[in-house]
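To start, the structure under review is shown below, and the notes come after it.
Counting starts at 1 for both ligands and their atoms, following the listed order.
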Amino acid sequence: MSTETFVIVGGGLAAARAVEAIREGGRQGPLILIGDEATLPYDRPPLSKAVLAGTEVPETALLHPAQWYRERNVDLSLGLRATRLDTSAHTLTVEGRGRLTWDRLLIATGSSPRRLAVPGADLRNVLYLRTMGQATTLRDRLRSGQPVVIVGAGWIGLEVAAAARAHGCEVTVVEPQPTPLHAVVGAQIGRYFVDLHTAHGVAFRLGTGVDRLVGNSDGAVSGVVTTTGEHLAAATVLVGVGITPNTILAQEAGIEVDNGIRCDESLRTSSPDVFAAGDVANWFNPTLQQHIRVDHWSNAQESGFAAGRSMVGEQVHHDVMPYFFSDQYDAGLEYAGHVPRGTATEVVLRGDPADDAFMAFWLAEGRVLAGMHVNVWDTIDDVQALIASRSTVDPQVLADPREPIVTKGQKGIVASRPDPQPDPVS
Ligand SMILES: Cc1cc2nc3c(=O)[nH]c(=O)nc-3n(C[C@H](O)[C@H](O)[C@H](O)COP(=O)(O)OP(=O)(O)OC[C@H]3O[C@@H](n4cnc5c(N)ncnc54)[C@H](O)[C@@H]3O)c2cc1C
């Protein structure tokens with residue numbers, strides 16, 4: 001039986017999934033999990049949905065009870081931060097625990113919200129949403145029903161807007177881009193989100209930035225001054241302007257970092273005994289034939305498990321298709337695929353966004369790179385199959401809801417056979 005010591009840094013979803021894979025893979029040696037949050041690993045998606053709406057208590061987001069880790073003989077070190085990694089000496093320094101020696105190590109440190117860099121950003125009640133504690137603080141602020149300004153119309157900003165409206169708050173969203181989610185869905189689908197939220201009473205200031213935040217004499221925020229000079233009253237400001245991967249540990253250890261920790265398809269970093277997973281990993285995706293970093297739930301779920309398998313010595317090719325889900329009011333949506341930044345795409349609509357149930361596809365050179373549905377359930381597997389097939393499609397057929405998205409042998413929407421591809425690597 002191997003007595004090698006495995007260490008996992010990071011106490012989120014990817015970390016918990018790696019535990020699962022390591023123990024299922026039969027590795028019974030010492031397994032230490034270092035997480036700087038005091039809470040057991042938990043899921044974050046409910047934090048901006050049911051927990052924020054107050055319909056679920058935060059504890060429902062826990063991935064496993066403490067017993068689960070005890071049964072797997074995991075040495076859980078929560079509330080402790082790893083501060084230094086030495087890949088030559090195979091050591092990890094942990095605040096409050098000293099120096100640990102490891103044989104294989106996983107970095108699953110996730111990501112952190114980007115900070116707003118304007119005057120007044122450190123006023124009280126200027127909030128971010130990443131942790132359970134931040135979710136309950138924000139929920140309690142929303143319960144007061146006072147006006148909220150949301151900076152950033154990304155997924156977090158829009159979900160918080162929906163929750164804030166459910167609490168009866170007056171909500172204004174300030175976004176420098178011309179439409180919400182501009183980089184992900186483009187202007188046309190972005191307008192669907194404007195209409196959805198406007199219909200629920202949200203006000204937008206689009207193409208507008210934040211100049212500064214202003215506060216009361218007691219240090220609490222009282223308003224937002226936009227770049228157009230408008231003053232928006234706010235008892236709470238929620239900042240959702242994106243995230244940055246937590247790469248500092250890897251970077252200082254000399255591990256290759258470039259928009260996340262660079263990994264091969266087995267999630268191994270440039271240091272052979274060190275692996276990375278989840279939001280922090282920029283790995284080589286064999287299907288897409290490029291490095292990508294995906295900061296979504298399903299990637300943390302899959303890559304955490306895959307990295308654990310890699311650590312125990314299994315042959316791993318982490319080749320999942322990027323996938324994301326969101327809930328806003330009565331709109332449930334799923335998005336799959338990957339459109340590299342700067343790619344010119346044609347958007348094909350299937351159904352009418354005004355009906356609150358439709359699909360959208362992003363095409364380049366006749367092939368579907370990404371697809372999304374709103375309230376058209378049980379279609380995302382077909383969307384993923386279509387993207388993976390790399391078949392060229394007839395946009396007119398694709399736009400017709402009566403036509404199947406994919407059919408056996410790729411008839412129906414497909415205009416030509418896919419290009420011959422190299423043998424799959426997994
Ligand atoms: C509010 C919210 C809602 C979301 N909703 C959705 C959704 O609807 N759909 C979707 O697909 N995705 C959603 N996501 C994204 C998804 O939750 C993340 O992609 C996922 O949590 C990433 O998991 P992870 O394990 O890589 O990182 P994390 O969950 O960030 O976990 C990393 C952990 O490591 C800890 N850590 C960092 N550095 C150190 C260190 N040096 N020492 C010790 N510990 C450290 C961090 O504090 C953290 O606890 C949401 C995210 C948030 C914040």
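- Between L47, T109, D43, it is T109 that holds the heavy atom closest to atom 37 (C) of ligand 1.
- In this structure, W362 and Y335 have tilted ring planes: the angle between them lies in the 30° to 60° band.
- A cation-pi geometry, defined here as NZ or CZ lying under 6.0 Å from the six-membered ring centre and within 45° of its normal, holds between R115 and Y128.
- In this comparison of Q134, E37, K49, the heavy atom closest to atom 5 (N) of ligand 1 sits on K49.
- Protein heavy atom closest to atom 11 (O) of ligand 1, with residue, atom name and distance, is W297 N, 3.0 Å.
- For atom 46 (C) of ligand 1, the choice among L333, N246, D36, T83 with the nearest heavy atom turns out to be D36.
- Remark: distances from the non-hydrogen atoms of I243 to ligand 1 are all 4.0 Å or more.
- Paired with Y323 under the rule side chain to side chain donor-acceptor pair (under 3.5 Å), one option of E302, E334, Q301, H296 passes, and it is E334.
- In terms of polar-atom proximity, A300 is not counted as a contact of ligand 1, lacking any N or O under 3.5 Å from an N or O of the ligand.
- Selection from A82, G10, G35 by nearest heavy atom to atom 41 (N) of ligand 1 gives A82.
- Between atom 52 (C) of ligand 1 and the options R17, R44, R84, the minimum heavy-atom separation is to R44.
- Side-chain atoms of W283 and D264 form no donor-acceptor pair, as typed in the model, at a separation below 3.5 Å.
- Here atom 2 (C) of ligand 1 lies nearest to I156 when heavy atoms of D279, I156, V160 are compared.
- Closest to atom 13 (C) of ligand 1 by heavy atom, among G79, A250, P45, is P45.
- Counting heavy atoms closer than 4.0 Å to ligand 1, residue L129 contributes atoms from both its backbone and its side chain.
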